[in-house]
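Please read the structure below before turning to the comments.
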Amino acid sequence: MESKSSSLGDGGKAELKVFNSLTRQKEVFKPITPGLVGMYVCGPTVSGESHLGHSRPYVTFDVVYRYLMHLGYKVRYVRNITDAGHFEEEGREAEDKISKKAVLEKLEPMELVQKYTNLFHWAMNLFNCLPPSIEPTATGHIVEQINMIEKIIAAGYAYVVNGSVYFDVMKYAQDHDYGKLSGRVIDELLETTRDLEGQEEKRNKADFALWKNAAPEHIMRWKSPWGIGFPGWHIECSAMSTKYLGDQFDIHGGGMDLLFPHHESEIAQSTICNHIAPVRYWIHNNMITINGRKMSKSLNNVIKLTELFSGNHPMLEKAYHPMTIRFFILQTYYRSTLDFSNEALQAAEKGLKRLWEAYENLVKLQAASYELRETPGDIELDARISKLLAEFDEFMKDDFSTAKVLANMFELVPVINSMKDKTIPVSALSARTFQLLQTQMKLFVEEIFGLKSITEADNKKLQGVMQLLVDIRKEARARKDFVTSDNIRNQLQQLGIALKDERDGSISWSIDTP
RNA sequence: GGUCCUGUGGCCGAGUGGCUAGGCUGAGCUCUGCAAAAGCUCCUACACCAGUUCGAAUCUGGUCGGGACCUCCA
């Protein structure tokens, strides 16, 4: 049977397969250096609040990160913070969105950036996303970006115009495949030229800025060999990934909407600079949609995370817990679109509750010492459970199919609950299978999927108070004083605390989701 | 317009050519003082048309619908 202890990358029985956007197929994952993985994920632009759509890549790659570590890899996970303002619309007068908004909010640009960075970290924390190994900021790497641009100019693939620097896509395309990642055809890119104002600086429409000359009113500005300005959007990721992960690294992740032009341009820049393709495996998550439409600022259909957690948004029927969102995301294959709706989210909420309570029941089963034998009492059931558990890794190794793992977990739920209710004896399973059930569930539920309890019932005083009420109710029931016992239960119900009379006469309680 | 993806039961969503994923909802039953929870059972779908095949949700072609990217975007 496949053991969860890994055999470090190559040599393992079942190999990890990932869908590589570059080749458009699943490939066996082999890190450049055995045992080590370098992973870069595009992080947030901290000029505003994160919304529901943003949560998808962070949760997705958090699970990728956790799973790679589970396989025994030492992972360096780099996720940037984009805190340098870029031009709003290409072709128009360059304007820095961060500084523009800062004026509106009467904040220093860095103050604004700090505010939204803090808010981002707050949300990541609620989502139970592990912090990356390195979280570099664009403003902290201006020097690296300038150096990189200089190299590209020296190589002859960029040109300077009026204090701005542009990457020469046409030249690059002569001896490289620009469009390989995104499936773009260079000739079409050049043909679909629209006449935009301010385009005259560029030799070709497809060219992109490496450095932009800053207008006098620009607050965020740095000195460069080409004058005062600010870096282009794409160069920061190239500079920071190169610095921390090397000229070539294993995984680059991000949303599908970044395929073009962002990632395509990253490849071009880095390839010229470092003489090697920067990334082995490109992994892209699909979008979260709302009524079938991508959630984005330009479509004006954004639900911010603060609104989502508070329920304070016209489209929301209620507040949703961060764990519900995490579970919701995990219930879908990361390469499929995920459509938001109150109905879907509430289904996820209930599903998570059911899974979590079964999981807690399983953990408690561990506390009691049951008789376990080597041979299972129910051979068929034992075999079924073993298979379901073994498939956890099998599914995850098949391009992180979290949805299938969850389906298996739900098949285990009735068995676990029945063991708790003693309608299925624990001895139906062999000692080995029972232990595997507990260890695998703990590993996947908590450590790999990163799920946590929705209710914070770990308050000592509350537990004391509840114990008191439970005791009083138990006593009342023993006296058949159902008026009192129902009163206690009903009043607690109104406070959002549910009491359950268990089969064995005990009473358990749980707090409803906010 | 170009490139690509997609269309599964009331809703959400897995699906490697044959053996009816899973979740939510709904109905019934069991347990229970009553509830809640839990357990059991039921509701058997693959846009449409044609083709390949002994056999297709799964492959091929076409039709229609939805979406993403081509512009800041997770």
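Values below: every heavy atom of this structure, side chains too, minus hydrogens, waters and symmetry copies. Residue numbering restarts at 1 for every chain, and letters A, B, ... go by the order of the sequence lines.
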| request: Could you tell me whether the side chain of Asn301(A) and the main chain of Ser296(A) form a donor-acceptor pair under 3.5 Å? | output: yes
| task | When you get a sec, tell me which of rA68(B), rG39(B), rU71(B) is the closest nucleotide to the side chain of Lys205(A)? | result | rU71(B)
| message | Within the 4.0 Å heavy-atom criterion, would you say Glu411(A) contacts the bases, only the backbone, or no part of the nucleic acid? | response | sugar-phosphate
| field | Asn487(A) side-chain N/O to Val483(A) backbone N/O, donor-acceptor pair under 3.5 Å | value | no
| message | Please give the distance between the C1' atoms of rC49(B) and rG10(B) as a whole number of Å. | response | 27 Å
| task | Measure from CD on Gln346(A) to P on rG23(B) and round the result to the nearest Å. | result | 19 Å
| query | Can you name the residues that form a ring-ring contact (aromatic ring centres under 6.0 Å, His included) with His54(A), not counting sequence neighbours? | reply | His51(A)
| What orientation do Trp282(A) and His263(A) show, parallel under 30°, tilted 30 to 60°, or perpendicular over 60°? | tilted
| query | How is Lys294(A) classified with respect to the nucleic acid when contacts are heavy atoms under 4.0 Å: base, sugar-phosphate, or nothing? | reply | base
| Can you check the Ile186(A) CD1 to rC70(B) P distance for me, whole Å? | 15 Å
| Given atom CD of Glu357(A) and atom C1' of rC24(B), what is their separation to the nearest angstrom? | 16 Å
| request: Please work out if Ile288(A) contacts a base, only the sugar-phosphate, or nothing of the nucleic acid, heavy-atom cut-off 4.0 Å. | output: base
| task | Compute both the distance and the angle, then confirm whether Arg56(A) meets the cation-pi test with Phe328(A): under 6.0 Å from the six-membered ring centre, within 45 degrees of the axis. | result | no
| query | If you look at every strand shown and take non-hydrogen atoms under 4.0 Å, does Met287(A) touch a base, only sugar-phosphate, or nothing? | reply | base
| request: Determine the contact category for Leu259(A): base if any of its heavy atoms lies under 4.0 Å from a base atom, sugar-phosphate if only primed atoms, P, OP1 or OP2 are that close, otherwise nothing. | output: nothing
| remark: note: Arg293(A), atom CZ; rA68(B), atom P; distance rounded to Å ~ 5 Å
| query | According to the Watson-Crick and G-U wobble definition with distances under 3.5 Å, which dot-bracket string, read 5' to 3', encodes RNA chain B, using [ ] for crossing pairs and | for pairs with another strand? | reply | (((((((..(((.....[...))).(((((.......)))))....(((((..]....))))))))))))....
| Under 6.0 Å from the six-membered ring centre of Phe127(A) and within 45° of its axis: does the NZ or CZ of Arg326(A) meet both? | no
| field | Whole-Å gap separating P (rC70(B)) and CG (Asp207(A)) | value | 17 Å
| task | Answer yes or no for Lys480(A) and Phe482(A): cation-pi contact, defined as NZ/CZ to six-membered ring centre under 6.0 Å and angle to ring axis within 45°. | result | no
| Of all pairs that satisfy side chain to side chain donor-acceptor pair (under 3.5 Å), the ones with a partner from residues 404-415 of chain A, not counting sequence neighbours | Glu391(A)-Asn408(A)
| task | Can you check each nucleotide of nucleotides 3-15 of chain B against protein heavy atoms at under 4.0 Å and return B for base, S for sugar-phosphate only, - for none, in 5' to 3' order? | result | S-------S-SSS
| remark: Ranking rC40(B), rA74(B), rA38(B) by distance to the side chain of Leu258(A), first place goes to rA74(B)
| request: Answer yes when Arg66(A) and Glu446(A) have at least one side-chain N-carboxylate O distance shorter than 4.0 Å, and no when they do not. | output: no
| remark: Contact string for nucleotides 26-35 of chain B, one letter per nucleotide 5' to 3', B = base within protein heavy-atom range under 4.0 Å, S = sugar-phosphate only, - = neither, reads -----S-BBB
| query | Does a salt bridge link Glu264(A) with Lys180(A), judged by any charged N lying under 4.0 Å from a carboxylate O? | reply | no
| query | Nearest-Å distance, CG (Leu299(A)) to C1' (rA74(B))? | reply | 14 Å
| In terms of heavy-atom contacts, does NZ of Lys474(A) have more than 12 from other residues, nucleotides or ligands at under 6.0 Å? | yes
| message | Taking any heavy-atom pair under 4.0 Å as a contact, classify Met409(A): base, sugar-phosphate, or nothing. | response | nothing
| query | Do any pairs count as a salt bridge (charged side-chain N to carboxylate O under 4.0 Å, His left out) and have a residue in residues 332-341 of chain A, sequence neighbours left out, and if so which ones? | reply | none
| message | How many whole angstroms separate atom CD1 of Ile497(A) from atom C1' of rA37(B)? | response | 16 Å
